[in-house]
Structure formats: C-alpha cells, structure tokens
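Scope of the values below: all heavy atoms of this structure, side chains included, with no hydrogens, waters or symmetry mates. One is the number of the first residue; the rest follow in order along the sequence.
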Amino acid sequence: MNISILTPAGPDSKAGNRATALRWQQLLEEAGHRVTVETHYPEVPTDLLIALHAWRSAEAIQRFHTEWPEKPLIVALTGTDIYHHQYEYPDATHASMAAASVLIGLHDLVAKDIPESFRHKLLTLRQSAAKPAVRGGSRPESGRFNICVIGHLRSEKDSLRAARASRLLPEESAITVSCAGKPHNDQWRERALKENRENPRFHWLGELEKTQLENLMAVSSLMVISSVMEGGANVVSEACRAGLPILASDIPGNRGLLGEHYPGYYPVKDEAALARLMRKAETEPEFLAELAACVNKLAETFTPERERQSLEQALALALAAVNPAA
C-alpha cells in the first residue's frame, strides 16, 4: 500500500511524535509498504492515512475523511489528546475520533479515558525500542548513585520533580540527578539553569544524541518518569529494553505500560514521596532488584517485531472497517 503518516512535528524536531512517525515508516516499509512522512496534508493521493495527534491534525483528518470517505484512516491518540485536548477542544478532538477507521492507543488503559462510543475502534500498540548497545546501570560510577530523567523539559513532563526530590535527601546520600532534554521554551531553560546552579545534586545536560543517551542510561542505576500526563511514553520502552529500573508517577499512561502492580509508583508531583523511593532504591538492593526484574520481564513487550505486528493489525482493521464485505 501507499501510506502517508501525518505528524505536526517537523523534519528537524526530536519530539516524540516525529520519532514515532519515522519509526512507523521504517517498520511499515520493512513490511513491504511505501510510506511517506508528512507535516501537512498529503497532496499526492495515498491509499491510507495515519494521523498522529487527533487535535493538532484535526483539519487534515476531516479533509481526508471528506475527500476520500472510502479510504482507511488511522488516528493515533497522544497523551495531550486524551488528557487535555478532548476536554479543552472536545468538538475537534472527538470529530477526529469519529472520522477514524481505527484509533491507536499507546498504553493499555486508554479505553477507560476516551468516550465509550469510540472504544470499539481502539487498538493498543506498545511503542518499541531497539535493544541498546550497553545495558542500563552496567557502568555505575564509584561513589555515586546516578538517576536519569530523559525527555523534553515542559509542564506535562514535570521535568524537575526528581531534582526537587533530590533536595530532600539526607546529606549522606550519594544520589545525583541528571536531566537530558530540550527546554520547551525560555522559561523552562531558565528553570533548568537555575536548578543547575542551586542544586549540587542536579545536572542539566541539554539535548543529547542517541549514543549519549545510551551512555547516560549505562551510568545510571535508575530512571525517573515524572509526567503528569502521558499517552504512552517511548522512554518507558527504552528503559525496559535497557533493563534500567524506573520510578514513575502514578498516572494511567505509566500504569498502562508498567502494569497495575509495578512497585515503583509515587503520587503525581509529590517530591517527598519520590525522594523516599529514590533513597529506598539507593539503600535497599532488594528493592532495586525488584524494579529491575519487573522491567526485564516487560522488555519483550516493547520489541520492534511486536510493534510491527500491531501496525499491520491496525492496517487490516482499518481496511475491514471501510470495506466490511471484503
């Protein structure tokens, strides 16, 4: 098939939507399809459109649905679609869900958070990550217990929560928090620089390349994922594939990937609770080992092979939806 993937994130962006679009392009091309990634409505006719982001791509989704009602349309729901835009902009967001032949959700609990009338269209897909060259935690630094935070610095990620938690640790703790990510705006840049100046346990590394991120995970004993909303963060996939233990905010987007019984959750925005878990991981080897066992068990659910199978299933369902007699 000729497939167009639409993403609001431009060619130079390292945003999650862009990375997802490029990864899906590669996986679908490996399956024999011809795939282009677009940032605007595709002017060349396509057999099937995959739109990332129900609200940001709403205009293109409606145009495609109007011009090509007989063609399959897949809409991938992001965290901001599910937990913000469908409440802030319900008409446009829900119109995109209505137009879709298939909806893709990126964690196991998405169905609970979208209108019941759209749940029959929903397919859950776990974003994959390649197996890294070095395992997480395989190169610890003597005298330090390194914790990493990876992702763009913005409000949805609550990016400095681990840094604030580190301020509450006892003096004898060897924990340092390293944050890698591009600031969303100048305000976030100033926040990161201020924390870097004032907090001796915190290091802001800026935006890193893939090999640098793998090295950061290799010297880290733990990752913190502190988001207040997530559609299914790919960094969870990366940590699990690297075997790097995770402490995560207790939100559906994390529970939907790590599972209801994962032992590393803390209440959203609660730096005191996070600090206690960070200290527990540092001082109780059995707790850290329990976290590691959980992420290692989950690693097989985040393979490229699994994600490609889910994409092919989405294509088949979308084709069946527009041509049920076939």
With sequence neighbours excluded, tell me which residues meet side-chain hydrogen bond (donor to acceptor under 3.5 Å, both in side chains) with Tyr89. none
Which residues pass the side-chain hydrogen bond (donor to acceptor under 3.5 Å, both in side chains) test with Ser173, sequence neighbours left out? Glu282
Cut-off 3.5 Å, side chains only: do Ser249 and Asp158 have a donor facing an acceptor? no
Report the residue from Leu258, Leu257, Asn296 that forms a side chain to side chain contact (heavy atoms under 4.5 Å, CB included) with Cys240. Leu258
With the 4.5 Å side-chain cut-off for hydrophobic clustering, are Leu6 and Met1 part of the same group? no
Sequence neighbours excluded, every pair satisfying salt bridge (charged side-chain N to carboxylate O under 4.0 Å, His left out) that has a member inside residues 83-105: none
For His107, the ring-ring contact (aromatic ring centres under 6.0 Å, His included) test, sequence neighbours excluded, returns none
Show every salt bridge (charged side-chain N to carboxylate O under 4.0 Å, His left out) that has at least one partner inside residues 167-188, sequence neighbours left out. Arg167-Glu195, Arg167-Glu198, Glu172-Arg279
May I ask whether Leu277 and Ile225 are part of the same hydrophobic cluster, defined by side-chain heavy atoms of I, L, V, M, F, W, Y residues being less than 4.5 angstrom apart, directly or through others? yes
For residues 247-257, which residue pairs pass the salt bridge (charged side-chain N to carboxylate O under 4.0 Å, His left out) check, not counting sequence neighbours? Asp250-Arg255, Arg255-Glu260
In chain order, what residues pass the ring-ring contact (aromatic ring centres under 6.0 Å, His included) check against Tyr266, with sequence neighbours excluded? none
Show me the donor-acceptor pairs, under 3.5 Å and distance only, between side chains in residues 174-181 and residues at least two apart or in other chains.
unit_1, atom_1, unit_2, atom_2, d
Thr176, OG1, Arg144, NH2, 3.4
Thr176, OG1, Asn146, OD1, 2.6

Charged N to carboxylate O below 4.0 Å: is that the case for Arg126 and Asp108? yes
Remaining members of hydrophobic cluster (4.5 Å side-chain criterion), Val44: none
For Glu43, give me all partners under salt bridge (Lys or Arg N to Asp or Glu O under 4.0 Å), at least two apart in sequence or on another chain. Arg63
What pairs of residues pass the salt bridge (charged side-chain N to carboxylate O under 4.0 Å, His left out) test when at least one of them lies in residues 292-307, not counting sequence neighbours? Arg23-Glu307
Taking only residues two or more places apart in sequence or in another chain, which ones pass ring-ring contact (aromatic ring centres under 6.0 Å, His included) with Phe118? none
